[in-house]
Amino acid sequence: MSFFSRSSSLPSPDKLPKRKSSAFPVSISTLLKACKTIRNLEQVHAQIVQKGVEQDNFLINQFICLCNSFSNIRYATSVFNRVSRPNIYLWNSVIRGHCGNSSVIQTISIFNRMKRSETVPDKYTFPSLIKACSNELAIREGKAIHGSVVRYGVEADIFVRTSLIDLYGKCRQIVCARKVFDGMFERNEVSWTAMIVGYLTFGDLVAARKMFDEMPYRNLASWNAMMCGYLKFGDLESARRLFDEMTERNVVSFTSLIDGYAKAGDMVSARLLFDQSPVRDIVAWSALIAGYSQNGQPHMAVKIFLEMHAQNVKPDEFVLVSLMSACSQVGSLELAKWIDSYVTQSLIDLSQVHVNAALIDMNAKCGNMERASHLFEDMPQRDLISYCSMIQGLSMHGYGTLAVHLFDRMLDEGLTPDNVAFTVVLTACSHAGLVEEGYRYFNSMKNDFSIVPSPDHYACMVDLLGRSGQLKAAYHLIESMPVEPHAGAWGALLGACRLHGNIEIGEVVAGRLFELEPLNAGNYVLLSNIYAAADRWLDVSKVRHKMRERGVRKIPGCSWI
DNA sequence: TTAGGGTTAG
């Protein structure tokens with residue numbers, strides 16, 4: 001109907017505007033602008049080859065810039081390498097692509113190739129070249145590049161100077177940074193911000209704030225940089241004040257503060273801000289999930305992850321590592337299996353040390369020792385963290401002897417155990433009742449590794465001795481501690497007294513615990529159970545009376561015999 | 001002839 005009537009009124013072909021005769025380079029340029037994926041780029045590249053315009057610097061530059069935006073520097077380099085006489089634009093674009101995507105060594109080698117060709121570097125060459133050094137804190141290379149900046153006479157450029165400030169600042173060479181800053185002919189908010197970041201990296205919060213107050217104009221990055229400075233030094237109040245003063249905020253402002261609250265353990269404020277945030281990217285979700293996981297609320301971490309998943313936000317390695325850590329705490333084998341298969345099927349690089357470590361830890365703690373061992377043995381080089389995960393997993397699931405053997409293998413492999421490793425192995429000894437081995441490690445820790453035993457280590461030893469019935473030895477160990485024993489050590493001994501029905505020591509230990517934590521119902525329950533086991537019901541009722549007197553509420557789950 | 005750079009978050 002209308003289609004036909006409209007098509008019949010279409011202009012005849014000869015009335016259409018004529019195409020330009022030099023259409024094809026323009027059309028490739030247009031095609032390039034429309035590229036949304038690497039696949040699109042490959043198609044346009046085929047056109048470039050087919051039409052024989054591989055030497056067209058303008059087109060190839062457009063192509064390389066697009067490759068850069070997809071972070072596909074390999075493709076960019078291969079196309080670049082086929083250009084026989086690349087101009088300055090091409091060289092600069094390739095260098096910019098390498099910066100942040102490959103090592104500083106590779107980036108500098110392109111720069112050296114450029115100098116060997118007949119192209120003279122210009123002011124556009126240096127910012128990304130310097131940034132490549134700054135990314136890796138390569139100050140030696142950076143200083144050499146600074147020499148080239150002077151040699152090629154581009155040190156007056158504001159972009160070049162700002163990258164130098166950033167480089168020196170990030171490398172904690174604050175005097176050099178300031179020298180570059182003071183010598184500038186003109187400055188803008190980016191140069192000021194780079195200098196502020198320099199002071200913050202150096203740890204001089206006061207100088208950073210002074211610059212922030214003095215700078216003539218600030219942009220969002222300046223505000224965020226200053227706020228993150230406060231967060232870095234744990235000054236949440238100043239950070240919040242700055243956040244409230246900001247007239248404009250972006251996802252970085254919200255996420256940094258959410259993360260600050262989470263790291264300080266204030267999950268209520270973190271959650272509130274997360275809910276108020278108009279934009280949430282993966283980093284915001286990650287901050288919240290990590291926060292819940294690290295603050296002993298693993299179930300909340302899992303819940304938030306499921307919310308994120310339901311909103312079709314793809315988790316990255318940070319989120320998955322936090323989720324795995326939450327799962328380790330929950331100890332759910334079912335969840336562990338789901339996460340494991342999710343991670344394995346995702347594009348997350350499992351060879352990244354922290355991802356692999358989290359996977360091992362999760363599987364070990366959730367009881368999938370077979371999978372954990374597999375991942376562990378497949379590591380090219382086992383580290384202390386993964387050894388500890390394995391030892392802890394074995395010990396938690398009743399393989400105390402294997403756990404101890406693994407600790408010895410770790411020593412044979414030449415790794416140096418730290419205080420955490422000793423806590424883990426002492427706990428393993430305690431679970432498996434390996435008194436002799438426990439003593440051996442406890443002494444070795446002090447004598448061979450010069451580690452001063454912490455209250456945790458003593459608590460492990462007390463638990464070990466107590467469980468094996470050596471209550472007096474355990475009591476003497478606590479009494480001989482050079483540091484004040486914490487409730488955990490006394491609690492372990494009280495548990496042992498209950499286990500072995502020792503009223504005499506139990507009463508003394510309970511007395512100390514009632515002083516240390518008068519409101520912990522568990523201690524009263526344990527003492528009362530010790531009396532009950534000996535049929536001393538009068539004493540049982542005395543303990544209950546004492547509890548009532550002190551207003552101690554019985555925790556559900558604690559059993560009265 | 002056309003084109004290009006530096007600062008803020010886990």
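Just so we're on the same page: letters track the sequence lines, and every chain starts at 1.
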Length of the line joining A:Ile130:CD1 and B:dG4:P, which is rounded to integer Å = 20 Å
request  = Choose from B:dT7, B:dG4, B:dG10 the nucleotide whose nearest atom is closest to any side-chain atom of A:Asp316.
outcome  = B:dG10
ask   = Does OP1 or OP2 of B:dT7 have a side-chain N or O of A:Lys131 closer than 4.0 Å?
value = yes
task = Answer yes or no: is there a side-chain heavy-atom contact under 4.5 Å between A:Phe80 and A:Ile60?
result = no
inquiry  = From OH of A:Tyr168 over to P of B:dG6, roughly how many Å is that when rounded to an integer?
reply    = 18 Å
query = Which heavy atom of A:Arg187 sits nearest a heavy atom of A:Asp182, and at what distance?
reply = NH2-O, 3.4 Å
ask   = A:Val319 has a side chain; which of B:dG5, B:dA9, B:dG10 sits nearest to it?
value = B:dG10
key: Rounded distance in Å - CZ (A:Phe58) to P (B:dA3)   = 6 Å
message = Is A:Tyr124 stacked against the base of B:dG5, taking the criterion as centroid distance under 5.5 angstrom and interplanar angle under 30°?
response = no
task = Determine the contact category for A:Ser93: base if any of its heavy atoms lies under 4.0 Å from a base atom, sugar-phosphate if only primed atoms, P, OP1 or OP2 are that close, otherwise nothing.
result = nothing
key: Separation of B:dG6 P from A:Ile145 CD1 (nearest whole Å)   = 15 Å
request  = Would you mind classifying the nucleic acid contact of A:Ser256 as base, sugar-phosphate or nothing, using non-hydrogen atoms under 4.0 angstrom?
outcome  = sugar-phosphate
query = If you take all heavy atoms of A:Ile339 and A:Cys327, which pair is closest and at what distance?
reply = CD1-CB, 3.8 Å
query = Any sub-3.5 Å donor-acceptor pair from A:Asn61's side-chain atoms to A:Ile64's backbone N or O?
reply = no
ask   = Under 5.5 Å between ring centres and under 30° between planes: true for A:Trp223 and the base of B:dT8?
value = no
ask   = CG of A:Asn92 versus C1' of B:dA3: gap in Å, rounded?
value = 11 Å
key: Spacing of A:Leu59 atom CG relative to B:dT1 atom C1', expressed in whole Å   = 14 Å
key: Value in whole Å for how far the P atom of B:dT2 lies from CZ of A:Phe63   = 24 Å
message = Is there aromatic stacking of A:Tyr89 on B:dA3 here, judged by a ring-centre distance under 5.5 Å and a plane angle under 30°?
response = yes
ask   = In a check of ring-ring contact (aromatic ring centres under 6.0 Å, His included) between A:Phe212 and each of A:Trp192, A:Tyr199, A:Trp223, which one passes?
value = A:Trp223
note = Of the listed B:dG6, B:dG4, B:dG5, the closest approach to the A:Ile88 side chain comes from B:dG4
query = Expressed in angstrom and rounded to an integer, what is the separation of A:Leu220 atom CG from B:dT7 atom C1'?
reply = 11 Å
message = Would you say A:Lys33 places a side-chain N or O within less than 4.0 Å of OP1 or OP2 belonging to B:dT2?
response = no
